[in-house]
Number of protein chains: 2
Amino acid sequence: MPAPSRTSIAEIVSAGRDLLESGGPAALTMQKVAQKVGVRAPSLYKHVRDREALLSAVSAATIDDLAECFAGSEESLDSLFRAYRAFAHRWPEGFRLMFSPGAPLDSLERASEPVLAAARDLAGAEALEAARLMTAWATGFIHMELAGAFRLGGDVDHAFEYGLEHLRAGLER
Amino acid sequence: MPAPSRTSIAEIVSAGRDLLESGGPAALTMQKVAQKVGVRAPSLYKHVRDREALLSAVSAATIDDLAECFAGSEESLDSLFRAYRAFAHRWPEGFRLMFSPGAPLDSLERASEPVLAAARDLAGAEALEAARLMTAWATGFIHMELAGAFRLGGDVDHAFEYGLEHLRAGLER
DNA sequence: ACCTGAACACCGTTCAAGT
DNA sequence: ACCTGAACACCGTTCAAGT
């Protein structure tokens with residue numbers, strides 16, 4: 001009666017991320033995840049409470065990747081937000097999942113720590129407000145961009161740089 | 001062989017909105033919608049192509065409501081964005097749906113017309129950039145707020161007003 | 001012209017039975 | 001201790017048959 005694990009939580013989460021990115025949330029199915037890790041669907045419940053918990057785990061793994069991404073970027077606000085946008089382009093579904101109800105808020109807070117640190121250099125006592133303002137702007141910008149909501153009027157890259165510059169300037173003062 | 005319609009597209013969309021707001025997207029089920037309008041699920045397909053098309057129609061109806069909401073507010077940028085946030089609080093699921101893939105982008109563009117008009121008074125030639133910057137900020141702020149991502153540090157209403165003030169000031173000059 | 005029941009393929013999840 | 005098949009309740013969708 002040994003019965004060693006034929007899969008692992010890490011493998012399951014990784015399979016979930018693949019399915020999510022390639023077909024959206026509807027494609028992340030317990031049955032497809034099971035097939036990908038070489039097991040039957042009921043076995044997944046030995047490793048994960050239910051589909052919702054798996055989605056949370058996928059969200060947390062994505063946020064951890066974002067934190068790593070921040071760690072590998074320069075520490076200026078501009079660099080951090082450019083890295084944020086590049087990350088969202090590489091993992092659009094994961095990005096959306098990060099801000100869904102049920103997202104792991106602790107991880108999100110931890111990942112945004114470098115932004116807060118950079119804001120402290122710029123805005124001193126109002127660092128928290130400044131960090132929130134820029135984070136809200138970037139998050140909304142990317143959301144709208146991913147939804148295809150920027151249709152009239154030119155270069156989206158340029159619009160992002162425009163926003164970055166104006167916000168930084170407005171907060172320096 | 002008359003067989004008059006026992007329901008209508010308007011009734012179906014309205015039932016869909018109710019279900020969406022009270023239980024999230026997963027609760028918007030063809031079967032539940034059918035039950036609410038007094039018909040069996042297969043009959044819905046005489047009025048709507050499929051569930052995805054129904055979600056788009058719900059999204060469009062929500063955006064129309066937002067446009068009405070803008071029309072009933074003062075024309076200043078501050079008033080418009082406060083109305084935007086209040087609207088999102090009243091219809092949080094509809095708000096999220098507005099920025100999902102498959103959203104009716106034409107309607108969204110039309111609804112945001114008053115914001116663009118107000119931005120012209122403030123920023124002149126750079127009105128489009130200014131409107132986008134403020135819209136992206138407000139959209140991200142609300143998204144994060146609805147996801148529960150503002151946990152440390154005080155009054156969220158105050159944070160919104162702080163952002164409003166700083167952005168307006170930064171764009172005026 | 002619209003509605004219906006029956007049917008199909010697919011879900012998430014539970015559970016007793018296997019090893 | 002993990003895996004499995006069978007089962008259950010629920011999906012979306014199609015379609016022939018009713019009125």
Side-chain angles (χ1 to χ4, degrees), chain A residues 1-61 93-94 96-97 100-104, chain B residues 1-61 93-94 96-97 100-104:
Chain A
M1 54 293 262
S5 246
R6 206 122 63 199
T7 182
S8 68
I9 181 67
E11 219 180 359
I12 289 168
V13 169
S14 167
R17 291 184 74 176
D18 286 355
L19 288 166
L20 178 72
E21 287 302 334
S22 57
L28 197 166
T29 277
M30 296 305 270
Q31 323 218 15
K32 284 190 194 143
V33 169
Q35 188 186 8
K36 250 177 177 284
V37 304
V39 106
R40 302 290 181 158
S43 303
L44 296 177
Y45 293 82
K46 290 286 162 186
H47 299 92
V48 88
R49 201 177 67 260
D50 56 16
R51 182 175 178 271
E52 200 172 359
L54 175 52
L55 280 168
S56 284
V58 166
S59 184
E93 296 291 346
R96 268 190 278 261
L97 192 63
S100 297
Chain B
M1 54 291 262
S5 248
R6 205 122 61 199
T7 183
S8 68
I9 181 68
E11 219 180 0
I12 290 168
V13 169
S14 166
R17 290 184 74 177
D18 286 354
L19 289 166
L20 178 72
E21 288 301 336
S22 57
L28 197 167
T29 278
M30 298 303 270
Q31 323 218 14
K32 285 192 194 142
V33 169
Q35 188 186 9
K36 250 178 178 285
V37 303
V39 106
R40 304 289 180 157
S43 303
L44 296 178
Y45 294 82
K46 289 286 162 185
H47 298 92
V48 88
R49 203 178 65 262
D50 56 14
R51 183 174 177 271
E52 201 173 359
L54 175 52
L55 280 169
S56 283
V58 166
S59 184
E93 296 291 345
R96 268 190 278 260
L97 192 63
S100 298

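What you see is a predicted model; the values in this text were computed from it and never measured. Proteins come first, then strands; the chains are lettered A, B, ... in the order of their sequence lines, and each starts at number 1.
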Side-chain heavy atoms of [X] within contact of [Y], under 4.5 Å:
X	Y	value
B/Glu93	B/Ser22	no
A/Arg51	A/Leu55	yes
B/Met30	B/Leu54	yes
B/Ser59	B/Pro104	yes
B/Val39	B/Val33	no
A/Pro101	B/Arg96	yes

Taking [atom1] from [X] and [atom2] from [N], how many angstroms apart are they, rounded to a whole number?
X	N	atom1	atom2	answer
B/Tyr45	D/dG12	OH	P	6 Å
B/Ile12	C/dC3	CD1	C1'	12 Å
A/Arg49	C/dG12	CZ	P	15 Å
A/Met30	D/dC8	CE	P	21 Å
A/Glu52	C/dT13	CD	C1'	14 Å
B/Leu44	D/dT13	CG	P	10 Å

Compare every heavy atom of [Y] with every heavy atom of [X], then report the nearest pair and how far apart it is.
X	Y	value
A/Val37	A/Glu11	CG1-O, 3.8 Å
B/Ala34	B/Arg40	CB-C, 3.6 Å
A/Glu21	A/Gly94	OE2-N, 2.7 Å

From [options], nucleotide with atom closest to [X] side chain:
X	options	value
B/Lys46	D/dC3, C/dC2, D/dG12	C/dC2
A/Lys32	C/dT4, D/dT13, C/dC11	C/dC11
B/Arg40	C/dT13, D/dG12, C/dG5	C/dG5
A/Asp50	C/dT13, D/dG12, C/dG5	C/dT13
B/Arg51	D/dC2, D/dG12, C/dG5	D/dG12
B/Gln31	C/dC15, C/dC11, D/dC11	D/dC11
A/His47	D/dT13, D/dC2, C/dT13	D/dC2

Would you indicate what [X] reaches in the nucleic acid, counting non-hydrogen atoms under 4.0 angstrom: base, sugar-phosphate, or nothing?
X	value
B/Thr29	sugar-phosphate
B/Ser8	nothing
A/Ser43	base

Distance check: side-chain N/O of B/Arg6 vs OP1/OP2 of C/dC2, anything under 4.0 Å? no
Enumerate the residues from residues 53-60 of chain A whose closest heavy atom to DNA chain C is under 4.0 Å, giving them by residue number; use none for an empty result. none
Give the dot-bracket string for DNA chain D, reading 5' to 3', where a pair is Watson-Crick or G-U wobble with both distances under 3.5 Å, ( ) marks pairs inside the strand, [ ] marks pairs crossing earlier ones, | marks a partner on another strand, and . marks unpaired. ||.|||||...|||||.||
In a check of side-chain contact (heavy atoms from CB on, under 4.5 Å) between A/Pro25 and each of A/Leu19, A/Val58, A/Leu20, A/Leu97, which one passes? A/Leu20
